[in-house]
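In what follows, a structure is listed as structure tokens, so that the remarks can point back to it.
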Amino acid sequence: MCGIVGIVGKSNVNQALYDALTVLQHRGQDAAGIVTSLDGKLYLRKDNGLVRDVFQQRHMQRLVGNIGIGHVRYPTAGSSSSAEAQPFYVNSPYGITLAHNGNLTNVTQLSQEIYESDLRHVNTNSDSEVLLNVFAHELAVRNKLQPTEDDVFAAVSGVHERCRGGYAVIAMITGYGMVGFRDPNAIRPIVFGQRHTEKGVEYMVASESVSLDVLGFTLIRDLAPGEAVYITEDGRLFTRQCAANPKYAPCIFEHVYLARPDSIIDGISVYKARLRMGEKLAEKIQRERPDHGIDVVIPIPDTSRTAALELANHLGVKFREGFVKNRYIGRTFIMPGQAARKKSVRQKLNAIELEFRGKNVMLVDDSIVRGTTCKQIIQMAREAGAKNVYFCSAAPAVRYPNVYGIDMPSVHELIAHGRSTEDVARLIGTDWLIYQDLNDLVDAVRGGNPSIENFDCAVFDGQYITGDVDEAYLLNIEQARNDAAKTTAHTVNAIIDLYND
């Protein structure tokens, strides 16, 4: 899960890119980067850290130009070294920079092809750099001194033919324009829009529509599966379908957790989808626990608040804010190691004792992944005096790893893998646990756009829609993504970065 943005403007775009990245900060807190272009020269700043920390005034002053792209990152595999911060750059052809959200499932094969056939060197462990080199090669074989939109779209078609997995991409071709494209299954989100200024029309491409809203851009639409948009430096816009067999199957977890509630993805309001999740949960509780005895519904901030509110309304139970959140602590889901996640929970949340003492409390969260956070929160509720603590997940049980760009880690770190609901309830310390049914989740999301027939639900049902994920692949990503490997890599790279400074 990363956030990407690109703007073709009529004046300097550095501040607009910065503002857009702050809006997308929830999609990645590990690193941030911006590259701009002016008169054929590139200006780049990227490093580990939050947007506000990476970009100081002196950096912003150097990021000149009316076209640029930006990225916020969190690591799905490998390390969180600053060497893997994006955007990435290759000098041939033309000078191309690229920002990527997602994960390639055939990156090992591609890496070998790039070296042996394309004669290109990859300098990091990032699949984003591999994707950049594939795109650069496909554009180079067109052998044009000045690429046209046909050449750019042909290169995107070449990417779709060679790359597997989930990806949303924004690339800048120095001196010519910016291209955005989406994988043939539309797993990862990407939208584009425009705004009118005194100097003319400006265009923006981004992961979520909320970043367009904040900057005053009007959403045109989402890119379709396999589609690309190309915007020239002088402001001409072209779109084209570049995949042979595109199929809509967007990631359903965007609506559960990843996206901001004020975003619209593939025509579906994330906020309304979460309202419907709460309604479906209430119906399940009424079926399975008609004498539930719940006194109060309390959300675990922030993502679950919308579903919890609707759940309480349908149950006819009080909704209360029982936890106060320290907003200066990052999202525990995307912290590099288990130790960091454990430490941050009590720093991030504090219970309001008045809302717990002597009550039967229903806690609502968006999902349960490792179970570490919810176990500590349930304990906090008991320490605050709750009589009974029940727990509700707006998503089904997460039993399988994600391979399309979300850090749902080693299968052995997923608390629900190989366990029943009762087993999970016992491990996290709740009196009883309710998971959302998968069919209900799909109905809740599809309610915003009935034309989308399929969603990527692999973390819940183990069905990987690209059809190229087998046990051997899952074993490889387990070795790459387990917390021990990630923590070790993070420590080693931190030492290297310190030495280089």
Side-chain angles (χ1 to χ4, degrees), residues 26 29 256-257 261 274 277-278 281-282 285 289 292-312 315 317-395 397-398 407-409 413-416 419 421-436 483:
H26 62 285
Q29 300 173 7
V256 172
Y257 173 83
R274 290 177 183 169
M277 291 176 206
L281 277 172
I285 291 172
R289 301 267 181 175
H292 52 75
I294 299 169
D295 296 316
V296 61
V297 171
I298 294 177
I300 297 174
D302 284 315
T303 323
S304 64
R305 183 174 285 117
T306 308
L309 178 61
E310 196 68 359
L311 182 148
L315 290 181
V317 174
K318 291 180 181 178
F319 173 88
R320 291 290 186 268
E321 295 285 353
F323 294 102
V324 175
K325 182 177 181 180
N326 180 351
R327 301 189 182 279
Y328 300 97
I329 300 292
R331 298 178 94 175
T332 56
F333 178 88
I334 59 178
M335 289 184 175
Q338 188 77 345
R341 280 188 292 273
K342 286 183 178 179
K343 182 180 178 182
S344 74
V345 174
R346 287 183 179 268
Q347 294 175 333
K348 185 172 71 170
L349 296 177
N350 188 48
I352 301 174
E353 186 175 324
L354 289 172
E355 298 298 348
F356 291 91
R357 185 154 302 281
K359 299 177 182 178
N360 295 325
V361 178
M362 168 59 78
L363 299 179
V364 182
D365 206 354
D366 51 77
S367 58
I368 304 172
V369 182
R370 296 170 177 88
T372 306
T373 300
C374 59
K375 181 177 181 178
Q376 294 183 66
I377 291 173
I378 290 167
Q379 182 60 33
M380 290 171 63
R382 295 195 188 280
E383 292 171 0
K387 181 180 178 181
N388 290 291
V389 181
Y390 315 128
F391 204 90
C392 205
S393 169
V398 176
D407 189 22
M408 287 189 175
E413 294 175 0
L414 300 174
I415 193 171
R419 295 189 176 103
T421 300
E422 292 73 21
D423 292 336
V424 176
R426 183 172 61 256
L427 287 170
I428 65 176
T430 185
D431 292 292
W432 48 265
L433 168 66
I434 292 285
Y435 278 114
Q436 183 87 265
D483 275 335

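- Distance CD1/Ile294 to CG/Asn360: 8.5 Å, rounded to 0.5 Å.
- The CG atom of Leu349 sits 5.0 Å away from the CD1 atom of Ile377 when rounded to the nearest 0.5 Å.
- The side chain to side chain contact (heavy atoms under 4.5 Å, CB included) check on Cys392 picks up Leu281, Ile285, Leu311, Met362, Val364, Ile434, with sequence neighbours excluded.
- Using a cutoff of 4.0 Å between basic side-chain nitrogens and carboxylate oxygens, Glu321 and Arg305 are scored as salt-bridged.
- For the ring pair (Phe, Tyr, Trp, His ring centres under 6.0 Å) test, residues two or more places apart in sequence or in another chain that qualify with Tyr390 are Trp432.
- Atom SG of residue Cys374 and atom CG of residue Asp365 lie 7.0 Å apart, to the nearest 0.5 angstrom.
- Listed by chain and residue number, nothing satisfies the ring pair (Phe, Tyr, Trp, His ring centres under 6.0 Å) test with Tyr435 (two or more places apart in sequence, or in another chain).
- For residues 364-387, no pair satisfies ring-ring contact (aromatic ring centres under 6.0 Å, His included), with sequence neighbours left out.
- Residues satisfying the salt bridge (charged side-chain N to carboxylate O under 4.0 Å, His left out) test with Arg382, not counting sequence neighbours, are Asp431.
- With sequence neighbours excluded, no residue forms a salt bridge (charged side-chain N to carboxylate O under 4.0 Å, His left out) with Arg419.
- With sequence neighbours left out, Phe323 forms a ring pair (Phe, Tyr, Trp, His ring centres under 6.0 Å) with Phe356.
- Listed by chain and residue number, Ile352 satisfy the side chain to side chain contact (heavy atoms under 4.5 Å, CB included) test with Leu354 (two or more places apart in sequence, or in another chain).
- Under the side chain to side chain donor-acceptor pair (under 3.5 Å) criterion, Arg357 pairs with Glu353, not counting sequence neighbours.
- Atoms CD1 and OG1, on Ile428 and Thr373 in that order, are 11.0 Å from each other to the nearest 0.5 Å.
- Atom CG of Asp302 and atom CD1 of Ile300 lie 11.5 Å apart (nearest 0.5 Å).
- When atom types are taken as modelled, the side chain of Gln436 and the backbone of Ala394 share a donor-acceptor pair closer than 3.5 angstrom.
- With sequence neighbours excluded, the residues forming a side chain to side chain donor-acceptor pair (under 3.5 Å) with Asp423 are Ser420, Arg426, listed by chain and number.
- In this view, Leu309 and Asn313, Phe319 satisfy the side chain to side chain contact (heavy atoms under 4.5 Å, CB included) rule, not counting sequence neighbours.
- Remark: Lys375 pairs with no residue by the salt bridge (charged side-chain N to carboxylate O under 4.0 Å, His left out) rule, at least two apart or across chains.
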